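Let me begin by presenting the structure, written as structure tokens, before commenting on it.
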Amino acid sequence: VFPIFLDGDAETTATTGPLPITTSYNIVAPATANVAYSVADGTIAGQMMVIIASTANDAIITFTTPLNAAAKVVHLDNIGEQLLAMWNGSAWVLLSGEEATLTTTA
């Protein structure tokens, strides 16, 4: 079982707030710099989420429950930057990121 929501359309989010976890493909399109997004806990182990930036403004993505606290906040600040995360049943695991910048949190 590889839980990817293939029937869910890509969701584009431009304003501050949560990214939908009912799709596996989220596009962040902040209209201004420093727009904060959040990612709630997943619903089933193995759930995948791709987040990609469509603008050069800074999308600040905060995972509510990251596996690694150092990967709690990710910045996507150029067109095409992206990350891939998987919900392991109790936390989001960042599997890859292209040009994504991690912010270490205390």
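Worth knowing before you read on, the calculation uses all heavy atoms, side chains too, and leaves out hydrogens, waters and symmetry mates. Everything quoted here is computed from the prediction, not taken from an experiment.
Listed by chain and number, the residues in a side chain to side chain contact (heavy atoms under 4.5 Å, CB included) with Ile27 are Ala10, Thr12, Tyr25, Ile52, Ser54 (sequence neighbours excluded). Qualifying side chain to side chain contact (heavy atoms under 4.5 Å, CB included) partners for Leu67, counting only residues two or more places apart in sequence or in other chains: Asn88, Ala91, Val93.
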Carefully, step by step, assess Val39 and Ile61 under the rule side-chain contact (heavy atoms from CB on, under 4.5 Å). CA-CA 7 Å; Val39 178; Ile61 300 155; 3.8 Å; yes
Are Leu19 and Ile51 close enough, and set up right, to give a side-chain contact (heavy atoms from CB on, under 4.5 Å), and what steps lead you there? CA-CA 9 Å; Leu19 295 176; Ile51 304 172; 3.7 Å; yes
Would you check, one step at a time, whether the test side-chain contact (heavy atoms from CB on, under 4.5 Å) holds for Gln47 with Ile21? CA-CA 9 Å; Gln47 179 178 345; Ile21 59 168; 3.8 Å; yes
As a quick check of understanding, evaluate side-chain contact (heavy atoms from CB on, under 4.5 Å) for Trp87 and Thr43, giving each step before the final call. CA-CA 8 Å; Trp87 178 251; Thr43 56; over 6 Å; no
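Atom OG1 of Thr55 sits about 10.0 Å away from atom CD of Glu81, to the nearest 0.5 Å. Summarising the geometry, atom OG belonging to Ser24 is positioned 7.5 Å from atom CE belonging to Met49; distances are rounded to the nearest 0.5 Å. Annotation: the span from Glu11 atom CD to Thr22 atom OG1 amounts to 6.0 Å, rounded to 0.5 Å.
Summarising the geometry of Gln82 relative to Leu76, their closest heavy-atom pair is N-CD2, 3.9 Å, with the distance given to 0.1 Å. Contact between Thr64 and Lys72 at its shortest, heavy atoms only, is O-NZ, 4.4 Å. For Ser90 against Thr65, the heavy-atom pair with the smallest separation is O-CG2, 3.2 Å. When all heavy atoms of Leu83 and Phe63 are compared, the pair lying nearest together is CD1-CZ, 3.9 Å.
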Let me check something: any side-chain donor-acceptor pairs from residues 29-38 under 3.5 Å, sequence neighbours excluded? List them with distances.
unit_1: Tyr37; atom_1: OH; unit_2: Thr13; atom_2: O; d: 3.1
unit_1: Tyr37; atom_1: OH; unit_2: Ala14; atom_2: O; d: 3.3

